[in-house]
Amino acid sequence: MLLTITTTHRPATDLGYLLVKHPDRLQSFEVSGGTAHVFYPEATEDRCTAALLLEADPGAARTSKQPDTFTLRQHVNDRPYAASSLLAAALGRVLRTALRGDSRDRPELAAGPIPLELRIPALRCKGDAAAFFGPLGWTVEATPIPLDAAHPGWGASRYVDLTLRGTLRLADALNHVYVLLPVLDDAKHYWVSSDEVEKLLRAGTGWLAEHPAKAVIARRYLAHRTSLTNEALSRLSEVVDTDTDSVIEPAPRPESLAALRRTAVVRQLAEAGASRVLDLGCGPGALLTELMRDRRFTEIVGADVSTVSLDMAARRLRLDRLPERQQARIRLLQTALTYRDDRLRGYDAAVLMEVIEHVDQPRLPAVAANVFGHAAPATVIVTTPNVEYNVRYPGLHEHGRLRHHDHRFEWDRAQFGAWCDEVAARHGYTVTRHGIGEEDPEVGASTQMAVFKKTEVFQ
């Protein structure tokens with residue numbers, strides 16, 4: 001298995017400092033899949049290429065824990081020859097410092113983008129490689145490898161010769177490959193357990209949460225294990241760029257869309273003077289964490305229909321370790337927004353952040369009646385995706401896909417505006433709408449937000 005990394009940054013030999021591997025040396029490492037070698041086929045001031053070559057042990061390619069009685073497997077198994085999770089594991093072991101973005105000798109270079117070309121000459125590719133790498137800033141060239149060059153009529157094999165070109169931070173580039181190698185291959189050579197979720201979130205820091213194919217990536221990376229996939233997607237909806245235990249420490253970058261949403265919501269709550277707040281559909285507790293940091297919010301309730309999400313929120317908030325005074329500020333409730341719940345009445349504000357699009361549209365009137373009519377807080381904040389912006393996510397809009405596997409719908413600005421106006425008129429609120437994220441002159445912002453205020457006559 002072979003991966004080459006090329007740069008034309010001058011001096012190009014600085015690549016050796018970023019990889020912490022000297023261009024004049026051949027270095028070999030024993031890894032779980034065999035023996036990995038790092039060497040430099042070319043190293044000049046103008047162009048430098050580093051190669052990671054894995055001599056795989058065919059026995060390491062077996063995913064089963066049972067004894068292998070198929071004696072011909074080493075001759076017919078493609079794992080030792082085509083890039084797979086074996087190469088990804090070697091990458092994580094041999095280039096660990098570069099994956100973290102650390103460089104003692106060239107810290108400024110490690111923190112910024114450089115021109116890069118990555119090539120994997122034999123990769124089993126299930127799906128369109130451009131749909132996975134394209135949204136990350138790569139120009140993708142995936143040349144199908146014929147089944148047999150002597151028999152062109154047999155067509156292409158399931159393998160491609162993959163070349164990626166772009167100007168990116170080296171750490172980001174390596175983490176893209178680390179995650180997407182087993183995703184494109186759609187197989188792993190080892191048993192997948194819960195710690196794989198942490199690996200995925202660490203390596204996906206700063207890019208996976210906003211990737212239009214994140215659901216497919218999570219499902220394949222986690223070997224189609226539903227419980228692990230659901231946990232990863234729930235945590236990705238928070239964007240795990242605040243994980244203080246992250247192995248990958250990205251350079252400063254613009255705030256993620258999820259972080260911008262939380263900031264915008266907290267700002268609106270503060271402007272409304274709210275102190276007692278409901279987070280309806282709180283999920284694993286990303287917004288709750290932000291609210292707990294702000295002492296203006298004296299009573300915080302997180303409500304969700306999923307007990308699994310509430311358990312995750314409790315762990316994230318470390319409720320069992322909070323001082324008694326802090327514990328008194330927060331409460332978690334299991335409830336469904338399609339049913340009346342007297343426990344939700346009497347609060348200053350309620351937030352439905354990225355919630356309504358997870359509800360079947362015929363049930364939205366019941367949600368509106370219970371939130372705006374029965375609970376009736378003075379302020380209600382709703383955020384939801386702007387489907388018009390999906391054209392800015394390559395590989396998403398053209399295939400008619402929504403941003404999340406559980407979305408029942410996504411509205412354009414006119415549809416959201418009509419729903420907001422109808423709800424406000426029916427339940428005695430005024431409403432203003434705002435965009436969150438960069439405002440595109442043609443399609444608006446990625447997220448749309450509505451702020452509802454109870455009119456005095458209905459107070």
Side-chain angles (χ1 to χ4, degrees), residues 1-31 33-56 78-101 103 106 109-110 113-125 129-130 132-134 136-145 157 159-185 203:
M1 303 179 192
L2 179 65
L3 164 68
T4 60
I5 306 162
T6 301
T7 186
T8 53
H9 164 83
R10 287 182 57 89
T13 48
D14 277 355
L15 181 63
Y17 290 108
L18 301 185
L19 297 176
V20 199
K21 300 291 182 287
H22 199 288
D24 292 338
R25 298 175 188 165
L26 167 65
Q27 299 184 57
S28 300
F29 307 84
E30 294 302 318
V31 297
T35 304
H37 308 281
V38 178
F39 58 95
Y40 289 75
E42 58 180 339
T44 69
E45 292 286 300
D46 298 320
R47 182 179 172 90
C48 185
T49 298
L52 171 62
L53 175 66
L54 175 63
E55 290 186 285
D78 66 346
R79 302 301 83 189
Y81 312 106
S84 67
S85 60
L86 287 165
L87 182 58
L91 176 67
R93 160 74 173 83
V94 175
L95 301 181
R96 183 181 306 163
T97 302
L99 279 162
R100 290 198 302 262
S103 176
R106 298 291 188 274
L109 186 60
I114 60 174
L116 290 168
E117 178 181 300
L118 275 59
R119 185 183 174 208
I120 304 167
L123 169 65
R124 178 181 159 182
C125 185
F132 292 97
F133 283 103
L136 302 174
W138 293 105
T139 298
V140 182
E141 182 181 327
T143 305
I145 298 174
S157 69
Y159 303 92
V160 298
D161 182 344
L162 180 67
T163 300
L164 307 171
R165 297 182 179 90
T167 302
L168 296 88
R169 199 171 68 108
L170 179 62
D172 293 334
L174 295 178
N175 279 288
H176 296 166
V177 172
Y178 176 80
V179 171
L180 294 178
L181 272 181
V183 168
L184 287 170
D185 182 32

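For this chain, numbers begin at 1 and follow the sequence in order.
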Fill in the blank from the handout: Closest heavy-atom pair, I5 versus L95, reported as atoms and distance to 0.1 Å, is CD1-CD1, 4.2 Å
Exercise for the section: Spell out, as yes or no, whether a donor-acceptor pair under 3.5 Å connects the side chain of D185 to the backbone of L123. Expected result: no
Problem - Where T7 and P115 come nearest, the two heavy atoms and their spacing - result: OG1-O, 2.7 Å
Handout entry: Closest approach of L116 to W138 (non-hydrogen atoms, all atoms of both residues)
Key = O-CZ3, 4.2 Å
Exercise for the section: Work out which heavy atom in A12 is nearest to a heavy atom in C48; give both atom names and the distance. Expected result: O-CB, 3.3 Å
Handout entry: Listed partners of R106 passing side-chain contact (heavy atoms from CB on, under 4.5 Å), at least two apart
Key = D14, Y17, L18, S103, L109
Handout entry: CA sep, side-chain torsions, deciding dist, call: L136, L164, side-chain contact (heavy atoms from CB on, under 4.5 Å)
Key = CA-CA 11 Å; L136 302 174; L164 307 171; over 6 Å; no
Handout entry: Distance (rounded to the nearest 0.5 Å) between L174 CG and R169 CZ
Key = 9.5 Å
Problem - Rounded distance [0.5 Å steps], SG in C125 versus CG in L181 - result: 10.5 Å
Handout entry: Any residue meeting side-chain contact (heavy atoms from CB on, under 4.5 Å) with T4, in chain and number order, not counting sequence neighbours
Key = L2, T49, A51, R119
Exercise for the section: Please report the shortest heavy-atom distance between I145 and A122, naming the atom on each side. Expected result: CD1-CA, 4.3 Å
Problem - Note, L52 side chain near F29 side chain (heavy atom, < 4.5 Å) - result: no
Handout entry: Separation between CG of L118 and NE2 of H176, rounded to the nearest 0.5 Å
Key = 10.5 Å
Problem - Side chains of R47 and E117 in contact at under 4.5 Å (non-hydrogen atoms) - result: yes
Problem - Validation row: T13, Y40 side chains within 4.5 angstrom (heavy atoms) - result: no
Fill in the blank from the handout: Between the CG atom in L53 and the OG atom in S28, the distance rounded to the nearest 0.5 Å is 9.0 Å
Exercise for the section: Start with the C-alpha distance between K21 and V94, add both sets of side-chain angles, then the distance that settles side-chain contact (heavy atoms from CB on, under 4.5 Å), and finish with yes or no. Expected result: CA-CA 9 Å; K21 300 291 182 287; V94 175; 3.9 Å; yes
Handout entry: For the student: nearest non-hydrogen atoms of V179 and A203, plus distance
Key = CG2-CB, 3.5 Å
Problem - Min side-chain heavy-atom separation L87-L3 under 4.5 Å - result: yes
